[in-house]
Structure formats: structure tokens, C-alpha cells
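Report on the following structure.
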2 protein chains.
Amino acid sequence: MEQRIDRIKKQLQSQSYKLTPQREATVRVLLEHEDDHLSAEDVYMLVKEKYPEIGLATVYRTLELLTELKVVDKINFGDGVSRYDLRQEGADHFHHHLVCLECGAVDEIQEDLLGDVEKIVETRWNFHIKDHRLTFHGICHRCHDTSSPGHEKSEVHQK
Amino acid sequence: MEQRIDRIKKQLQSQSYKLTPQREATVRVLLEHEDDHLSAEDVYMLVKEKYPEIGLATVYRTLELLTELKVVDKINFGDGVSRYDLRQEGADHFHHHLVCLECGAVDEIQEDLLGDVEKIVETRWNFHIKDHRLTFHGICHRCHDTSSPGHEKSEVHQK
DNA sequence: TGTCAAATGATAATGATTATCAAATTAAAA
DNA sequence: TTTTAATTTGATAATCATTATCATTTGACA
């Protein structure tokens, strides 16, 4: 984790951004909550515990900057609130989401399931893909009537 | 088109909703602009031409109602504005979107490319899928340097 | 240490959307 | 045709997530 923070710092530095304690505290919170889909407000409340002087506007700005630098991914589930996820290092693909209509839980699929689909899109639609977003809405395994042991995958994170 | 309007009316009727001229004008506008991704404001401006007394709040309410009835799909591209698409009749799948980062155009893929992916998700993650959203961000064929004749597909709609 | 441009925090502003409420309207019953 | 009850409307206030503003502070470099 400290190494990840150092690497992010170097990234900021190499692009002439300043390394402020506010930015560090924000990154730290994101790292500690990698499995959660935090809103800006969530992040603000958590960062405030580490750095009480921080302002909400600064959190927004920091998240926006990290998003531009592709350290963070910003995602919308259509509920009026943006969510921010630290991007997995080396991840060349934005993970997919499973949103449960029953309990509201958000699970992630780290594996990129869109390889074949993207090939089709690039060749048939001549569209040069740079990013994708895939979200499934449905009923998660916890809300199913039946229990199905053995279906849990390590790349699924409960959020 | 008139037939589609009649069918939507019957759908509203069968669920004890009233058939108001405002609702009809809204549906009419959505039908006339099936290829566009209209914001609520867009819809409002267009409906006002047909029915000048209409209020913005009513447009929002109507769009919301039609969304709940699955006549309309509401989509977010993460830019702070919701878009509303009339659902293709009989469509059991929400079309995919290609958003060009250069020119901002939004193309659609009507074909469901997620069949195989959904099978994987349902079985490996034990997630009962009810709906999906797939958006690609990238560079569209118009903004490419090269021209590639023959790649245009009939199910791609320029929006 | 001094300089300077970036970054900050508090707060006002913005814009998309929803809540409120009196009035209007639709649809069904009489 | 009229009445009635419930829904729907339009104007406008309210809400909320987010961004703009501006004086002050701060980080990095010389």
C-alpha cells in the first residue's frame, strides 16, 4: 500500500502536480476502501477523519484529477451520484459491475469478458475502443432462493 | 407510428394511467426522434412545439412513468444529464452505445452482443441478469483517418 | 529565504431534477 | 349529460450533487 502511494505520488510529480497532504489522504482512503464504490461525499467523510481541515471542494477536485490521470475510475449507476474506484494497477480494462435489484449490493467482475465483443465492434463498426462500461442489473446470488456452492469467484468483490 | 402510439396508450390504460394529451405529445416526440438520445430538456423543447402549455415538470414525470413501464430506457453517459430512448418494441435487450471521444456522436448497436457473456455471468457468478448496460468510449469511424467502406451496419444509428 | 504558480477552504452559484400545492382534467358512474 | 373522485398538471420552490469564485495558503524550486 505504501508502495502504491509512492507510485501515485511519482505519477503526480512527473506531471508537475503538487503532492499535498490532502491528495495523499484521499489516495490513502481510496486504497483502504478498494472494495467499496465510494461517492465523493463518502470519500470526504472518510478523509476528514484523517485530515479534518479538508474541504469538500478539494475532495471533488482531487478525485477529478485522479480520474483524469486514470488512477481512479468514475462510474455512474444512474442514481444521481458518481462513484469513484481506484483503478487496479496495470489494469487495462475497467471492471464490470453486477448491481443487485433486491439488496442493492454491487459486485465486481475483474476479468475482462469483453475481448471477443470488442473485436467484433472494432472490425464491424470500425470503432476504435478506448474504454468500456458494462453493468448488469439483476438478482445476486445472495438473494437467490437456491444456494449454489462453488460459484463464488475470487475476482468478485462484495461492495 | 400511430399504431405504436395506440399500443402505448393501451399499455397505460391497462394499468389505470390516464391518457392525457401531454403524454401523447411526449410519446410522439420520442417516436419522431427514435435515433436521438434526447435529454429531458430536449424532449421538453420539442414537445412544447406541439403542446405549448406543457410544463417541464410534466415532461420529467411522463418520462419517469414511461421508464417504469419499460416503454422508455433511461441512460446515463456520466455527463450529468440523463438521456431517454424509446425502447424498441419486443426488444428484450437494451442496445449498446458507442460514444465518440472526438466528436461526441453516439452510435447504437441494436444487436445483442452479450449473449455469451451473460451466460458466463449467470453460471459463474450465479447472477440472474435482468438488464444490462454496455457503453464503449472511443473513436468513431468518422473521426478515423482512414476510410473503411463496407463497415457500416444497418443496425448502427447515428445519434 | 524568497518567489511564484498551484492548491486550498469556505461559500456562493449552477443546473438537473423533484417536491409542493392549487387548479385542471380524465374517465367512470349516475 | 352531469357529477364525482382521483389523477394529472403547471408554476415555482426546494433539493442535491457538483462546480465556480476568490482570498489565502502552500509546495517546490532557485
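All of these numbers come straight from a predicted model, not from anything done at the bench. Keep in mind that the numbers below use all heavy atoms, side chains included, and drop hydrogens, waters and symmetry copies. By convention in this document, chain letters (A, B, ...) are assigned in the order of the sequence lines, proteins followed by strands, and residues within each chain are numbered from 1.
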Strictly below 4.0 Å: does Q22(B) bring a side-chain N or O up to OP1 or OP2 of dG10(D)? yes
Salt bridge or not for R28(A) and E32(A), using N-O below 4.0 Å? no
L66(B) atom CG is separated from dT8(D) atom P, nearest whole Å, by 12 Å
Would you check if the side chain of D79(A) reaches a backbone N or O of V81(A) as a donor-acceptor pair within less than 3.5 Å?
yes
The side-chain contact (heavy atoms from CB on, under 4.5 Å) partner of H97(A) among L134(A), D107(A), I75(A) is I75(A)
Is it true that a side-chain atom of H96(B) and a backbone atom of L113(B) form a donor plus acceptor pair closer than 3.5 Å?
-> yes
note: R23(B), atom CZ; dT8(D), atom C1'; distance rounded to Å ~ 6 Å
What is the nucleic acid contact for P21(B), judged by heavy atoms within less than 4.0 Å: base, sugar-phosphate only, or nothing?
-> sugar-phosphate
To the nearest angstrom, the CG-C1' distance between D42(B) and dG15(C) comes to 14 Å
When rounded to whole Å, the CG to C1' distance for the pair D79(A) and dA16(C) reads 14 Å
Assert: residue with more 5' nearest nucleotide on DNA chain C, out of K18(B) and V59(A), is V59(A)
Query raised in the report: Does a side-chain N or O from T58(B) land closer than 4.0 Å to OP1 or OP2 of dG10(D), or not?
Result: yes
From CD1 of I54(A) across to P of dT26(D) the rounded distance in Å is 14 Å
Regarding the side chain of L19(B), the nearest nucleotide among dT8(D), dT8(C), dA27(C) is dA27(C)
Rounded to whole Å, the CD-P distance (E24(B) to dT9(D)) equals 13 Å
- Task: Say whether Q15(B) and Q13(B), considering side chains only, have a donor N or O and an acceptor N or O under 3.5 Å apart.
- Result: no
Comparing T20(B) with Y17(A), nearest DNA chain C nucleotide closer to 5' gives the residue Y17(A)
Taking every heavy atom of V99(B) against every heavy atom of F127(A), the minimum-distance pair comes out as O-CZ, 3.4 Å
To the nearest angstrom, the CD-P distance between Q13(A) and dA6(C) comes to 16 Å
Pairwise N/O distances under 3.5 Å, protein to nucleotides 17-20 of chain D:
{"unit_1": "dT18(D)", "atom_1": "OP1", "unit_2": "S82(A)", "atom_2": "N", "d": "3.1"}
{"unit_1": "dT18(D)", "atom_1": "OP1", "unit_2": "S82(A)", "atom_2": "OG", "d": "3.2"}
{"unit_1": "dT18(D)", "atom_1": "OP2", "unit_2": "Y60(A)", "atom_2": "OH", "d": "2.6"}
{"unit_1": "dT18(D)", "atom_1": "O5'", "unit_2": "Y60(A)", "atom_2": "OH", "d": "3.4"}

When rounded to whole Å, the CE to P distance for the pair M45(B) and dG15(C) reads 15 Å
- Is there a donor-acceptor contact under 3.5 Å linking the side chains of T58(B) and R61(B)? yes
